[in-house]
Every structure is written in C-alpha cells, then in structure tokens.
There are 2 protein chains.
Amino acid sequence: MLAVVLRITGTVPSVLLWRRAREPHEGRWALPGGRLGATEDVEASVRRHLAEKVDLAEVAHVEQLSVFSDPHRGPAPRRVATAFLGLVPSDADPAIPDDTAWHRVDALPPTAFDHGEITRVGLDRLRAKLSYTNIGFALAPDVFSISELRRLYAAALGHHVSATNLQRVLTRRGVLVPTGTTAAPGPAGGRPAALFRFSEHTLRVTDPFAALRPPSGAGAV
Amino acid sequence: MLAVVLRITGTVPSVLLWRRAREPHEGRWALPGGRLGATEDVEASVRRHLAEKVDLAEVAHVEQLSVFSDPHRGPAPRRVATAFLGLVPSDADPAIPDDTAWHRVDALPPTAFDHGEITRVGLDRLRAKLSYTNIGFALAPDVFSISELRRLYAAALGHHVSATNLQRVLTRRGVLVPTGTTAAPGPAGGRPAALFRFSEHTLRVTDPFAALRPPSGAGAV
DNA sequence: ACAAAAGTGTTCGATCTACACCCATGC
DNA sequence: GCATGGGTGTAGATCGAACACTTTTGT
C-alpha cells in the first residue's frame, strides 16, 4: 500500500515523501504507506496510512494506480505494493509531521526502493487524465480564476497551456460553472477575473471517445 | 492473481471460465488464476497460472486491470486478487481442459465470488482502449480484411462500426498496413477484399491527447 | 493616458461521421 | 445482366489551437 500524493506548488507538482529513520534505506525519502489490514480493502488501507501524514480531508481524490511486485524491488522479505494516486488542492496546506515534506517532482531526492518510478507513474496518470476527465477539481481551490487554473494545468502538464482554450474546452464540456463573482485585481491593476467552480467534485470522463464513436442513433450493449 | 481472458466469438466477446470442482462455490464458473509465487512478479504469476488453461502463445496481449480486495468478496480467509486482462485473437482456437469453456459475456453463467464484476471491468477496459490505442492487434488474426476487422470491433464495442471509417481512422494513425494481397470472394461473389496487417503487435497509444495538446513547438518536461 | 490583466471573436486546420457512388467478382 | 460484397470520394459537423482585438481595472 503506497500513495503518490501530488499537489501543485508554484510551477511544478510536488510529491509527499517522508524520511526513513531506519534500515533498509535509512535516510532516504519514501512514499507514505503501510501494510494491508485484515478487515479493510486496499483503498481503505491506503487512506488509513495516509492519515498519519496528512489531513485526509485535504485529499480531494484517490485512485488506484498499479501493483508493483518485482521480487527484487526491495530487500527480502519480498513486498507487493498496490500504489495509489492522491491529489491535494493547491490552496490546501495541510499540517505534516517533521519527517515529512513536499518534494518537487523535477528534483526528487534519493528515494527508497522503486518509489521514484512509482511517483513517475502517478504523475503520468495525472497528466493523462487532465486531458479527458474533470480531474482538475482535485488540484484547484473550490473557487478560482481561469488564469489560476491555467497555471495549475501548465504546472501539472509541464507545458504551456492557453487560458483562452482551457476555458473554452472545459466550459463546452460542462466542467466549469461561473460563480458570477469576480476577484479583486492585483496591485498593478488589470481587469478583475471572473471566478469559476468545478461543476462536480467526483471523477467523470468528459471526452470518452477519441474515435470510433457509436453511431448517432445509439444504444449501448 | 486472476485473468479475464477475452476473445471475440461470433458477434459477442467471450470470456474463459473454468468450473469449480469443490467448495466454496462448487459448480460455479470462475476466472483462471492462482496464488503469487515467491520469486515471480504478478504478471509472471498470472501467465504461469494461465498456462494451465490455455496455450500462452495464443494470448496476444496481457495487461494489469485492478486490485480487488473487499474483505467480503469471498469466504474467509480473505483474498486479495490482482486482476489482468488477456486477449486471444479470433482465429486462434486453443485447446482447453475439460473443466474450461468460453462463455459469451452477454450471458454469463453464475460466477464464483466477484468474478462477474471483474469480467465487466476487463470488458470496459478493452472497449476504452479500442478507441485510442492499437489494441485491435490482439483480437484480429495476423492477416485480415477490413470487413472482418469491422466485425471484431463491432462485437467488442457492442455497437455498429462502419468499415469505411474504421479503415480510414486506423490507416491515418499508421496502425494498419496493406499486405497487397486479396482474399478470395465467397460463393455469392463480390469484390475480393484487400488484406491488411497491424503494423505493430505491442500496445501503443495512437490518440494520446483528446484535448489540451501541447503547443505546436513542443518539448516535454 | 497608459500599462496590465482578463476575456471575446474569428480563422484555420485536423479529424471523424455519414452517405452517395464506383469497382470487381460469381452466377 | 445483376446481385453481392468491397472500396473511394466528398460534404458536413465538431472540435481545438492560434492569434488578434476588445474590455476593465489601477496608477
């Protein structure tokens, strides 16, 4: 049970890591996690372990990534880890223990076991889902301006994102809802930004068919 | 370790199931699988167990689905299953043991544990990937006509698929390669069908960005 | 007035669906 | 010839990227 908890910090995503206090891999940074209990499923387990590092109320989305089971991924005894992706909105700044810190994904410290690779898988999943789901709700504050959302998408994706097109794409899909309110301009002036909200806070696929759509007169089987 | 092995039979996908000979759930149909060995990873394990039911050489693609770990998904002791999707081309008809049979997914018999639900997850994964990857290579014979491929896609997706558009979409993406040969017409006549091949036999995402493409002058991070 | 930030209008290209039409074969 | 199955041409719709231009604020 391991969790890749990501949060956009500045222009880059960061991942939550804690410093191992003992062997193996003493002093290296590791993903939060722990063993599966007898009366819980894997998602309940990862949430239980995560609660030791971060306020669970701040984790806006959790989903399963993949199982890592290479017999040589760590020293004996062999461990099978089910990895999860967790997302924390950029405005939340949960209290975390002393041994725990956020690390930019473009400058990871030496990590324990295969946790660097698992982090990469989590980041790839986030990037993919930004394109065809409403997963942005888990990165953004409850209310936000388009330029702020643009910053979050650009940081997560690692490339430039146009505010113009982002707004249009997400609006057309019914993902964004205007609140009717505006933000105060900064000290340098500028037009006040309209504020938006995500229409849903649970994951939904918004662009299901890249191609091979069913015919207009449909009817699923 | 469980495998949802699918194969297109006629106009519907079928899944490989075997009949349990003892309690619990004696007589019900179950997915092939078994326990994880100490010196193998999960994929090697599922392949090892699968080899008891079907010739592995006939399984054209294997990928991880998800972990099923509800403490009440079966009687005690609690079991955690990592489910896989396996695909067998439609022209292969591997020998299978007496206790094993293909079952149409639209008319599943009573299944053991949560195996019906797991089958549904596997089918959904196949359907999704048909749209944005070249995964069709694992359903089709090595060489095939467009109308044959159309039949396979329509069966897997559960809705009508146009041969015209299928050919154009897959050709544009560089997924299909013409062999230059043609098939003999049937007894009723008709123009001989051109035969095609998949350009690759490993999974590749062919339509990566539904939206939010990186800018033209790109550069990944 | 001017700079800064946000938002809108519009063009262009890519891509996919739909449908009419043309081609090759057997009887 | 004509029915049958296969293949191509093309128009229409949708969608998203790019970019110019307008709107609203602060100094």
Side-chain angles (χ1 to χ4, degrees), chain A residues 130-133 143-154 157 159-196 205-219, chain B residues 130-133 143-154 157 159-196 205-219:
Chain A
L130 278 174
S131 170
Y132 66 94
T133 73
V143 166
F144 49 84
S145 68
I146 295 296
S147 60
E148 199 172 346
L149 190 64
R150 188 208 68 78
R151 183 181 65 79
L152 296 173
Y153 271 69
L157 291 170
H159 63 69
H160 180 264
V161 172
S162 147
T164 299
N165 296 332
L166 182 66
Q167 176 179 5
R168 272 202 275 246
V169 168
L170 295 185
T171 300
R172 188 167 21 220
R173 293 177 176 175
V175 169
L176 289 188
V177 176
T179 63
T181 58
T182 56
R191 178 171 170 172
L195 294 176
F196 291 80
V205 173
T206 56
D207 195 11
F209 304 104
L212 305 178
R213 299 184 182 82
S216 333
Chain B
L130 279 174
S131 170
Y132 67 94
T133 73
V143 166
F144 49 84
S145 68
I146 295 295
S147 60
E148 200 172 344
L149 190 63
R150 188 209 67 77
R151 183 182 63 80
L152 296 173
Y153 270 69
L157 291 170
H159 62 71
H160 182 264
V161 173
S162 148
T164 300
N165 297 330
L166 183 65
Q167 176 178 4
R168 273 204 273 247
V169 168
L170 295 186
T171 300
R172 186 166 28 218
R173 293 179 177 173
V175 169
L176 289 188
V177 176
T179 63
T181 58
T182 55
R191 176 170 170 174
L195 295 177
F196 291 80
V205 173
T206 57
D207 194 14
F209 304 105
L212 305 179
R213 298 183 182 83
S216 332

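Order of the sequence lines fixes the chain letters, A, B, ..., with proteins taken first and strands second; residue numbering starts at 1 for each chain. Basis for what follows: all heavy atoms, side chains included, without hydrogens, waters or symmetry-related copies.
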(Q) Under 4.0 Å, counting only non-hydrogen atoms across every strand here, what does A:Ala163 touch: a base, just sugar-phosphate, or nothing? (A) nothing

Under 3.5 Å, N/O pairs linking protein and nucleotides 12-14 of chain C:
none

Nearest-angstrom distance from the residue atom [atom1] of [X] to [atom2] of [N]:
X	N	atom1	atom2	value
A:Asn165	C:dG7	CG	P	14 Å
A:Leu157	D:dA17	CG	P	11 Å
A:Leu166	D:dC15	CG	P	17 Å
B:Tyr153	C:dC16	OH	P	13 Å
B:Ile146	D:dG5	CD1	C1'	14 Å
B:His160	C:dC19	NE2	C1'	12 Å
B:Glu148	D:dG6	CD	P	10 Å
A:Gln167	D:dC19	CD	C1'	16 Å

**Q.** Any residue meeting side-chain contact (heavy atoms from CB on, under 4.5 Å) with A:Thr181, in chain and number order, not counting sequence neighbours
**A.** A:Thr179, A:Leu195

**Q.** With sequence neighbours excluded, residues passing side-chain contact (heavy atoms from CB on, under 4.5 Å) with B:Ser147
**A.** B:Ser145

How long is the gap from [atom1] on [X] to [atom2] on [Y], to the nearest 0.5 Å?
X	Y	atom1	atom2	value
A:Arg150	A:His160	CZ	NE2	5.0 Å
B:Leu166	B:Arg168	CG	CZ	11.0 Å
B:Ser131	B:Leu157	OG	CG	8.0 Å

(Q) So which atom in B:Leu170 and which in B:Tyr153 form the shortest heavy-atom distance, rounded to 0.1 Å? (A) CD1-OH, 3.8 Å

Q.
If you compare all heavy atoms of B:Thr182 against all heavy atoms of B:Pro192, which two are closest, and at what distance to 0.1 Å?
A. CB-CB, 4.0 Å

(Q) Looking at A:Thr164 and C:dT8, is any side-chain donor or acceptor paired with a base atom of the opposite kind under 3.5 Å? (A) yes

Q.
Looking at the base of D:dG7, is there any donor atom on it, or on the side chain of B:Arg168, that sits under 3.5 Å from an acceptor on the other one?
A. no

Q: Walk me through it: do A:Phe144 and A:Leu176 pass the test side-chain contact (heavy atoms from CB on, under 4.5 Å)?
A: CA-CA 10 Å; A:Phe144 49 84; A:Leu176 289 188; 3.7 Å; yes

Pairs under 3.5 angstrom, nitrogen or oxygen only, protein versus nucleotides 3-5 of chain C, please.
from: C:dA5; atom 1: N3; to: A:Arg191; atom 2: N; distance (Å): 3.3

Q) Are the side chain of B:Thr206 and the backbone N or O of B:Tyr132 linked by a donor-acceptor pair below 3.5 Å? A) yes

(Q) Does anything in residues 169-179 of chain B form a salt bridge (charged side-chain N to carboxylate O under 4.0 Å, His left out)? List the pairs, not counting sequence neighbours. (A) B:Arg173-B:Asp207

Q) Which ones in residues 169-184 of chain B lie close to DNA chain D, meaning a heavy atom under 4.0 Å from one of its atoms? A) none

